[in-house]
Each structure stands twice: as C-alpha cells, then as structure tokens.
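Worksheet: one structure, shown below.
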Amino acid sequence: MINIYRMRAGSRELCEVETFTPGVWINLENPSDKELEEVSAATGISEEMLKAALDEEERAHIDSEDGNTMIIVDIPTLTEGSDQDWYTYSTLPLAMVYNENYFVTVCLRETTVLSDFIRGRVRNFDVNKRTRFIYQILYVNAIKFLHFLKQIDKTSSRVQVKLHRAMKNKELIQLLDLEKALVYFSTSLNSNQIVIERMKQLSGLKHYDDDNEIIDDVIIENKQAIEMATIYRDIMSGTMDAFASVISNNQNIVMKLLTALTICLTIPTVIASLWGMNVPVPLQEYPWAFWVIIAGIVAIIIPVVIVMFRKRMF
C-alpha cells in the first residue's frame, strides 16, 4: 500500500496527496512489486533499497548509493496470539530512504511509530525538515520500545502469579515467549544504538543545534531501553531457572511419595502371594490362620509407615 503525504501550505498539518512531487513523504506498507516499481521510477531510488526492509531478518544499518541514503532500524511490533488475551512481541525492520527530493519509509506492516505522525500525535514535526523528521521517528521508536518493555514486565508478573497457583504448560510457554521477545528487543536496541551514533557523522544529513538536542534525547531513551531490556531479560532468565527448579522439586516429591506407597503395598502383596500358592504352607489347616496373617501384615506395615513419616517420605 502506498500513502503520500506533504505538509499543508502555511501550517504544520499533514495532508494526503495523490501525486509524487518533490518534498513529499511516501509511506509504503507491505508494498507489491508493482508499487515498488512505481515508487522507484518516480523517486529515482533503486528497488533493491526499497525492498531491503521487506526482509524480516534485515539488520539495522546505513547505506548510501547514487545520492540515495537508506537508514534501517528495528521497531517493536505486537501480534495477536492464538489466545484472545495473549500477544506476541517481536521486531521488524523499518527503512527510511531519502534523496534530494523525496523521503520514503518502508515496512512490512502498519506500525504505530509512523501512525503517530500520520494522526498528528507528534508535535512540531515537518516532512521538509528531513534531519529533524528522522530523529523524531527514532525518538518515537525508542519510546515505543520502552512502552512495550513495560507491558512485557507487567505481563510477566501476571503469568508468574498464575504459575505460583498451579504449574501449567500454558503459562510456562508464555514466559518462554516473553523471554524470546526480550532477546529480540535487546538485540534490536543495540543495533539501533550503533546506527543512531553513526548518524551524527552522516554527511548527507544537515545537523542543526535543535536537531542535536533531539538526537541526544534519542540516544538517552534508547540507552534506557537497552538497560531495561537487559534487566528484564536477566530477571526473566532467573525466573525461568527458578520455576525449572520448582518443577523438578515437585517431580521429586511425587516420585518419593509413589515410592513410599509402592513399598507399603509390596509387603502385603508378597505375604499374600506366599500363602496363595498351590503348595503346603504353614497354618493352612487352622481356620483362624487368615486373621493371623492379616495381623502379621499390619504389624509389619505400621513400623514401616512410622519410619517413612519420620523420614518425611509422605
């Protein structure tokens, strides 16, 4: 899908237009080959550059070619899971490609990072002020990472409460999903940090004093997100290890109880088997022999049970 935006004349409001004219912002969401070809022909940006962000495994980096500059960063995404109350966190590459006349963003799906600009939720941005616009996108992206990290932490706490009540595979799998999301976030944030720091030396961007303040804020927020992701990942890793130990301990308790019950049941089984054979056995000629055998079984089991209680096998 192609959406074309430009600043409304005489104001800082964004409006959608239909034609490719210099100074517009072109936003591509999961574009088709035909749409990529159309944008490439209109802007002079190669299709290879435009397609770079359509690879989910594309790493964050900066590339320049024939007057076109591409900045790729990772952005956080939220996908609804199989359960209605469960969401999967991951990251996707977002490409910002620009030349002297056009600014193009490319992503595999709609993202709240860009929709905040489209819906007017970000103040004082101007498509024509390219450096500030790029820095503001990076700033909003860092804020989104922080917001998602807080959501992951709250979700993790909620799942852990359920696990304390009863050990279930569902909750354990959910914790594994969150741990995997934290690994993705941590890796993406570190890659973004390298790109952000390189942008200060990027010759194709004009840096002004106000813009430098924004990029400093971006670096601070991104570093804070890196620290949060690292802390939450360490906590999650420790939590998973703790629950693994609890599960193993519970299994040992169950096995110990089953072993104790097996021993208690083995004693009457062995005695009953001996007196149930088709060969002469002691006391078989006495009518009260049954009760004597039962009493003997009880006399043996009671001390065994007492010893097991003292050994905390029950």
Side-chain angles (χ1 to χ4, degrees), residues 29-30 49 51-64 69-81 86-97 105-114 116 134-157 159-160 172-202 215-244:
E29 294 175 4
N30 194 21
M49 272 193 169
K51 289 180 179 179
L54 301 182
D55 180 6
E56 293 187 10
E57 304 301 325
E58 186 71 22
R59 60 181 178 84
H61 67 281
I62 300 175
D63 192 15
S64 297
T69 302
M70 176 180 64
I71 303 171
I72 294 183
V73 294
D74 289 327
I75 61 173
T77 61
L78 191 64
T79 306
E80 188 172 351
W86 185 253
Y87 294 89
T88 302
Y89 298 88
S90 186
T91 59
L92 279 178
L94 168 67
M96 294 171 281
V97 191
T105 54
V106 189
C107 192
L108 271 172
R109 66 181 74 153
E110 182 181 2
T111 167
T112 56
V113 174
L114 298 180
D116 284 354
I134 292 173
Y135 289 169
Q136 286 175 321
I137 291 176
L138 295 175
Y139 181 80
V140 171
N141 188 40
I143 295 298
K144 294 295 181 183
F145 266 111
L146 288 170
H147 176 67
F148 280 16
L149 284 168
K150 292 176 182 177
Q151 284 187 345
I152 289 175
D153 184 49
K154 291 180 180 179
T155 304
S156 173
S157 299
V159 173
Q160 288 178 42
L172 288 172
I173 292 173
Q174 288 177 346
L175 280 183
L176 285 173
D177 287 342
L178 295 177
E179 187 177 24
K180 183 171 67 174
L182 288 172
V183 173
Y184 286 150
F185 277 22
S186 181
T187 304
S188 296
L189 285 166
N190 281 295
S191 299
N192 288 353
Q193 187 68 21
I194 296 173
V195 170
I196 292 168
E197 291 175 353
R198 280 194 58 197
M199 286 183 64
K200 284 191 169 183
Q201 289 78 39
L202 197 61
I215 193 62
D216 288 339
D217 290 339
V218 173
I219 292 174
I220 291 171
E221 295 297 331
N222 201 73
K223 285 184 177 179
Q224 183 181 352
I226 291 173
E227 292 176 1
M228 287 181 61
T230 302
I231 292 171
Y232 291 161
R233 188 177 63 179
D234 291 343
I235 293 173
M236 184 71 69
S237 179
T239 301
M240 293 298 296
D241 291 341
F243 278 118

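Note that the structure is a prediction, hence the values are computed from the model and not measured. Note that these values count all heavy atoms, side chains included, but never hydrogens, waters or copies made by symmetry.
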Are any non-hydrogen side-chain atoms of [X] and [Y] less than 4.5 angstrom apart?
{"X": "Gln174", "Y": "Thr155", "value": "no"}
{"X": "Thr79", "Y": "Arg109", "value": "yes"}
{"X": "Glu221", "Y": "Gln224", "value": "yes"}

Checklist entry - For Leu182 and Ser186, what are the C-alpha separation, side-chain angles and deciding distance, and is it a side chain to side chain contact (heavy atoms under 4.5 Å, CB included)? => result CA-CA 6 Å; Leu182 288 172; Ser186 181; over 6 Å; no
Between [atom1] on residue [X] and [atom2] on residue [Y], distance to nearest 0.5 Å:
{"X": "Leu108", "Y": "Asp55", "atom1": "CG", "atom2": "CG", "answer": "8.5 Å"}
{"X": "Ser191", "Y": "Ile226", "atom1": "OG", "atom2": "CD1", "answer": "9.0 Å"}
{"X": "Tyr232", "Y": "Asp153", "atom1": "OH", "atom2": "CG", "answer": "4.0 Å"}
{"X": "Ile72", "Y": "Met70", "atom1": "CD1", "atom2": "CE", "answer": "4.0 Å"}
{"X": "Lys223", "Y": "Ile220", "atom1": "NZ", "atom2": "CD1", "answer": "8.5 Å"}
{"X": "Thr88", "Y": "Leu178", "atom1": "OG1", "atom2": "CG", "answer": "9.0 Å"}

Next on the checklist: Has Thr187 got a side-chain atom pairing as donor or acceptor with Val183's backbone, closer than 3.5 angstrom?
Outcome noted: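 At least one qualifying donor-acceptor pair exists.
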Item to check | side chain to side chain contact (heavy atoms under 4.5 Å, CB included) between Leu114 and Ile75, intermediate numbers included | outcome: CA-CA 10 Å; Leu114 298 180; Ile75 61 173; over 6 Å; no
Checklist entry - Who are the side chain to side chain donor-acceptor pair (under 3.5 Å) partners of Asn192, not counting sequence neighbours? => result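 Side chain to side chain donor-acceptor pair (under 3.5 Å) check on Asn192 returns nothing, list empty.
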Item to check | With Thr77 via side chain to side chain donor-acceptor pair (under 3.5 Å) - residues at least two apart | outcome: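 Scan of Thr77 (side chain to side chain donor-acceptor pair (under 3.5 Å), adjacent residues dropped) gives none.
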Checklist entry - Does the side chain to side chain contact (heavy atoms under 4.5 Å, CB included) test come out yes or no for Glu56 and Leu92, once each step is laid out? => result CA-CA 6 Å; Glu56 293 187 10; Leu92 279 178; 3.8 Å; yes
Please table the atom pairs, donor to acceptor, closer than 3.5 Å between any side-chain atom in residues 144-152 and protein atoms at least two apart or in another chain.
residue	atom	partner	partner atom	Å
Lys144	NZ	Asp116	OD2	3.0
His147	NE2	Gln151	NE2	3.1
Gln151	OE1	Tyr89	OH	3.4

Next on the checklist: What verdict does the side-chain hydrogen bond (donor to acceptor under 3.5 Å, both in side chains) test give for Ser188 and Asp74, after you've listed the backbone C-alpha separation in whole Å, the side-chain angles of each residue and the deciding distance to 0.1 Å?
Outcome noted: CA-CA 6 Å; Ser188 296; Asp74 289 327; 3.2 Å; yes
Item to check | Check against side chain to side chain contact (heavy atoms under 4.5 Å, CB included), Met228 and Phe185 | outcome: CA-CA 10 Å; Met228 287 181 61; Phe185 277 22; over 6 Å; no
Checklist entry - Out of Val195, Asn222, Val218, which residue meets the side chain to side chain contact (heavy atoms under 4.5 Å, CB included) rule with Leu138? => result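 Testing each of Val195, Asn222, Val218 against Leu138, the sole residue satisfying side chain to side chain contact (heavy atoms under 4.5 Å, CB included) is Val218.
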Checklist entry - Can you name the closest pair of heavy atoms from Glu58 and Pro93 and give their distance? => result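 The answer is O-CB, 4.1 Å.
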